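We count ligands from 1, going down the list as the structure has it; atoms in each ligand are counted the same way. In this text the structure is predicted, and so the values were computed from the model without any measurement. When a residue number appears, it is its place in the shown sequence, counting from 1. The analysis underlying the following values was restricted to heavy atoms, covering all of them including side chains, and did not include hydrogens, waters or symmetry mates.
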Amino acid sequence: MKFFVTCARGTEGALRRELVVRRIHAPRGATGGVSFDGTMEDGMKVCLWSRVAMRVLLEVGSFPASDADTLYAGTRAADLRRFFGSRTTLAVTATTHENPELHHSGFAALKVKDAVVDALRDRMGHRPNVDVKNPDVSLILHLRGRDARLFVDLAGQPLHRRGYRVAMADAPLKESLAAAVLALGGVPADRPFVDPMTGTGTLAIEHALASRNIAPGLRRAFGFERWSDQSHLPVFARLKKAAQDARLAKAPCPILARDISAAAIQSARRNARAAGVAEDIEFAVADVATLWPHDPPGTICMNPPYGERLPGPAPEQPLDQLYASVARTLDQMHGWSAVILCGNPLLARALRRKHEISHRLWNGPLEARLLVYRL
Ligand SMILES: C[S@@+](CC[C@H](N)C(=O)[O-])C[C@H]1O[C@@H](n2cnc3c(N)ncnc32)[C@H](O)[C@@H]1O
């Protein structure tokens with residue numbers, strides 16, 4: 001079986017390493033995702049364990065499609081019976097690049113939907129209904145030039161939705177991007193961890209989950225649990241049981257989550273509770289300027305505000321003053337490492353120090369830098 005696992009651009013290296021740790025054979029990098037050949041068990045393992053992946057796509061068709069007719073014919077030839085029963089619902093999304101006849105993704109998705117519905121009606125005697133919000137089966141078309149690849153999404157809801165984000169604050173990171181920041185920044189589980197600008201707590205919660213070896217997918221449901229053919233579910237039950245047994249009772253080192261906004265800390269606390277790691281994290285309402293080093297040294301990890309409008313209760317504090325305050329705090333933290341997701345080049349300049357790693361990645365459409373310093 002051929003899989004394509006999607007992730008945020010710039011995080012492919014972290015995803016490849018995760019797959020190798022899970023004994024997936026020879027994952028190959030691509031922009032925005034990683035491919036591998038494996039079994040259904042491998043695909044389910046990635047859904048359950050990957051912290052960085054967004055979607056796990058199983059290829060169900062690969063054919064040339066230069067126009068609407070060839071797209072329809074190629075899709076119609078794919079055998080999708082194992083996914084659909086008489087009441088299964090369906091959604092189709094498409095991305096298209098460099099195909100002059102099929103440059104409109106909505107039109108390409110509609111053609112695929114028509115072909116699937118017609119093929120299933122002929123082969124099984126019933127047609128699936130469309131449900132774009134909460135489908136049982138999500139089909140995804142990737143069209144690049146004349147090469148069409150049709151996938152079924154194993155995850156269903158994207159994997160960054162772990163199910164613990166019950167409270168919001170300003171500009172939260174996607175859970176999968178926070179996990180990639182920790183992985184690419186080399187944040188160790190056996191050292192103290194501080195996020196002094198925690199917002200909804202994503203970095204601290206993801207660090208707590210990783211430190212306790214908690215599989216990020218343990219608390220959520222997956223698309224493959226809703227397919228008509230359920231023969232893979234006993235294997236999934238075994239994977240889940242092994243993941244439950246692998247959890248550590250508590251994080252090996254202190255984790256501190258601070259923010260100047262009391263409302264943000266309240267959200268972070270609620271999210272940590274929903275993730276089952278509230279006991280592992282100490283929360284505090286505090287200005288980054290008041291952070292002081294303690295022994296043993298660990299990692300300071302953060303995603304400072306990057307826009308014109310500052311979240312929090314001090315919107316009058318200009319960004320350059322805030323960044324200068326972050327720089328003074330880092331000056332105090334001798335022996336610590338700093339892992340910073342930097343959405344604004346002014347911040348890197350304000351820190352006035354040489355980074356050990358500077359890595360480009362994308363926070364949705366926004367380009368950002370992951371900067372790592374030894375202080
Ligand atoms: C971009 S958000 C962080 C988002 C967070 N990583 C998440 O996933 O939710 C930046 C945070 O910095 C906080 N902040 C702004 N000024 C601060 C200061 N002087 N000290 C501490 N926190 C501050 C804001 O309240 C906001 O929650």
- Counting each atom of ligand 1 from 1 as listed, which ones have a heavy atom of P196 under 4.0 Å away? 21 (C), 22 (N)

- T202 neighbourhood, listing ligand 1 atoms whose heavy-atom distance to it stays under 4.0 Å: 7 (C), 8 (O), 9 (O)

- Message: More than 12 heavy atoms of other residues, nucleotides or ligands under 6.0 Å from NE2 of H126: yes or no?
- Response: yes

- Query: Is it true that A286 lies under 4.0 Å from ligand 1, counting heavy atoms only?
  - Reply: yes

- Task: Can you sort out which atoms of ligand 1 are near G199, meaning under 4.0 Å from one of its heavy atoms?
- Result: 9 (O), 27 (O)

- Under 3.5 Å between some N or O of ligand 1 and some N or O of A171? no

- side-chain contact (heavy atoms from CB on, under 4.5 Å) test vs M54 passes for just one of T6, L159, T11, namely T6

- Should you measure from each heavy atom of P305, which atoms of ligand 1 turn up under 4.0 Å away? 10 (C), 12 (O), 15 (C)

- Query: Can you tell me if CD on E367 sees more than 12 non-hydrogen neighbours from other groups inside 6.0 Å?
  - Reply: yes

- Message: Show me which atoms of ligand 1 lie under 4.0 Å from any heavy atom of P172.
- Response: 7 (C), 8 (O), 9 (O)

- Message: Once side chain to side chain donor-acceptor pair (under 3.5 Å) is applied, do any residues pair with R161, and if so which ones, sequence neighbours excluded?
- Response: Q157

- Message: Are any of the N/O atoms on Y306, whether in the backbone or the side chain, positioned under 3.5 angstrom from an N/O atom of ligand 1?
- Response: no

- Task: Check whether the side chains of D136 and T89 place a donor and an acceptor atom closer than 3.5 Å, and report yes or no.
- Result: yes

- Out of D195, I260, L173, the nearest non-hydrogen contact to atom 18 (C) of ligand 1 is supplied by I260

- Note on the structure: ligand 1 to T198, heavy atom cutoff 4.0 Å, flagged ligand atoms 5 (C), 7 (C), 9 (O)

- Query: When clusters are formed from ILVMFWY side-chain contacts under 4.5 Å, directly or step by step, what else is grouped with V166?
  - Reply: none

- Task: Might you work through the side-chain hydrogen bond (donor to acceptor under 3.5 Å, both in side chains) test for T290 and R258, ending with a clear yes or no?
- Result: CA-CA 10 Å; T290 64; R258 305 170 24 130; 2.8 Å; yes

- Atoms in ligand 1 with a heavy atom of D287 nearer than 4.0 Å: 18 (C), 19 (N), 20 (N)

- Is L322 touching ligand 1 with its side chain, its backbone, both, or neither, if touching means heavy atoms under 4.0 Å apart? side chain

- Take the angle between the ring planes of W227 and F224 and call it parallel below 30°, perpendicular above 60°, tilted in between. perpendicular

- Task: Using a 4.0 Å heavy-atom threshold (strictly under), name the region of A289 that reaches ligand 1: side chain, backbone, both or neither.
- Result: neither

- Message: Tell me which one of R165, H207, R162 satisfies side chain to side chain donor-acceptor pair (under 3.5 Å) with T202.
- Response: R165

- Would you call the rings of F4 and H142 parallel, tilted or perpendicular if under 30° counts as parallel and over 60° as perpendicular? perpendicular

- Item | Distance filter under 4.0 Å to N303 heavy atoms, resulting ligand 1 atoms | 1 (C), 2 (S), 3 (C), 4 (C), 5 (C), 6 (N), 10 (C)

- Please work out whether any backbone atom (N, CA, C, O) or any side-chain heavy atom from C-beta onward of A178 is under 4.0 Å from ligand 1, and answer side chain, backbone, both or neither. neither

